[in-house]
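On a predicted model such as this, the values are computed, not experimentally measured, just so you know.
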Amino acid sequence: MITVLFFAKQQEQIGLDKIERAESQLAVAELKQKLIEDYPQLTLDHTMIAINEEYADEDQVVNDQDVVAFIPPVSGG
Amino acid sequence: MEFYKITADEIDVNQVITSVIRPEAGAINTFIGTVREFTGEKQTVSLQYEAYPSMAEKQLTRIGVEIHEQWPGVQTSIVHRIGKLAISDIAVVIAVASPHRAESYEASRYAIERIKEIVPIWKKEYWTDGEEWIGDQLETTSFKNGVPKEEKE
């Protein structure tokens, strides 16, 4: 089981702040593709990727129990 | 004692400043970011900041580490507020203590620029005529491959 977190506009697009999914051992890019298929209204363009609160790249493999976030362009400060 | 924090409460500016005071310091530079009413023609009514708090605090801490590497002997504390803020409310406070004044200005500037690059905090603006999540303040829309760009030289 993996957890995917949603922030800012993403939360409004799908009405959820997180979901749990059964699959693991897949690359972030594959996960992203599946999410876009399951939630066509979700935009994950221009996002940075975080796995377990650390930035990661699209090729990184998501393992069981991992927490994944697609970080929209940030606007703090 | 340095600290890096996301808070839903009003920021106590003095507490941030006091945290970096040390005998070796000859300067403390304080940056206070506040909510601006007008951006061009747009009139902001209020703002809402949201964060991925645990990761945001890690990234603020990373900024502190980067500052230590670039300016040895410099101490930094950073606090960013989240939740609903009104015009002129304090959104972020950065306090930098350094032996000499030049590094305190440089490190303070570095910290706020890095916040806008790597810290997962988002701002939703409520205007007189609508609302929108703001992104891409640095106009760097493309995050190729998901990883933010490395520390600037």
Student check: side-chain heavy atoms of A:Ile71 and B:Met55 closer than 4.5 Å: yes
Flag if over 12 foreign heavy atoms under 6.0 Å of CD, A:Glu12: yes
Residue A:Lys34 excluded, over 12 heavy atoms near NZ under 6.0 Å: no
Region of B:Gln59 in contact with chain A, defined by heavy-atom distances below 4.5 Å: side chain
Check ion pair B:Arg62-A:Glu54 (N to O, under 4.0 angstrom): no
Side chain / backbone / both / neither for B:Tyr49 at chain A, heavy atoms under 4.5 Å: side chain
Contacting region of B:Ala51 [heavy-atom separation from chain A under 4.5 Å]: backbone
Within-4.5 Å side-chain heavy-atom neighbours: A:Lys9 and B:Trp122: no
Neighbour count above 12 (heavy atom, 6.0 Å) for B:Tyr126 OH: yes
Heavy atoms of other groups near B:Arg36 CZ, more than 12 under 6.0 Å: no
Distance, nearest 0.5 Å, that separates NZ of B:Lys58 from CG of A:Asn52: 7.5 Å
Shared hydrophobic cluster for A:Ile14 and A:Ile36 (ILVMFWY, side-chain gaps under 4.5 Å): yes
Transitive ILVMFWY side-chain link B:Val93 to B:Ile17, under 4.5 Å: yes
Connected via hydrophobic side-chain network under 4.5 Å: B:Tyr4 and B:Val65: no
Proximal component of B:Ile112, with respect to chain A [non-hydrogen, under 4.5 Å]: side chain
Distance-minimising heavy-atom pair for A:Val67 and B:Tyr52: CG1-OH, 3.9 Å
Region of A:Ala69 in contact with chain B, defined by heavy-atom distances below 4.5 Å: side chain
Hydrophobic cluster membership, A:Val62 vs A:Ile19, 4.5 Å side-chain cutoff: yes
Heavy-atom closest contact (B:Ile118 atom, A:Val74 atom, distance): N-CG2, 4.3 Å
Test item: B:Ile121 and A:Phe7 side chains (from C-beta on) under 4.5 Å apart, heavy atoms: no
Side-chain (B:His80) to main-chain (A:Gly77) donor-acceptor, under 3.5 angstrom: yes
B:Glu117 side chain near A:Met48 side chain, heavy-atom distance below 4.5 Å: no
Proximal component of A:Gln60, with respect to chain B [non-hydrogen, under 4.5 Å]: neither
Atom pair CD1 (B:Ile115) and OG (A:Ser75), whose distance is rounded to the nearest 0.5 Å: 12.5 Å
Side-chain heavy atoms of B:Trp133 within contact of A:Pro72, under 4.5 Å: no
Cluster overlap B:Ile94 with B:Val16, hydrophobic side-chain contacts below 4.5 Å: no
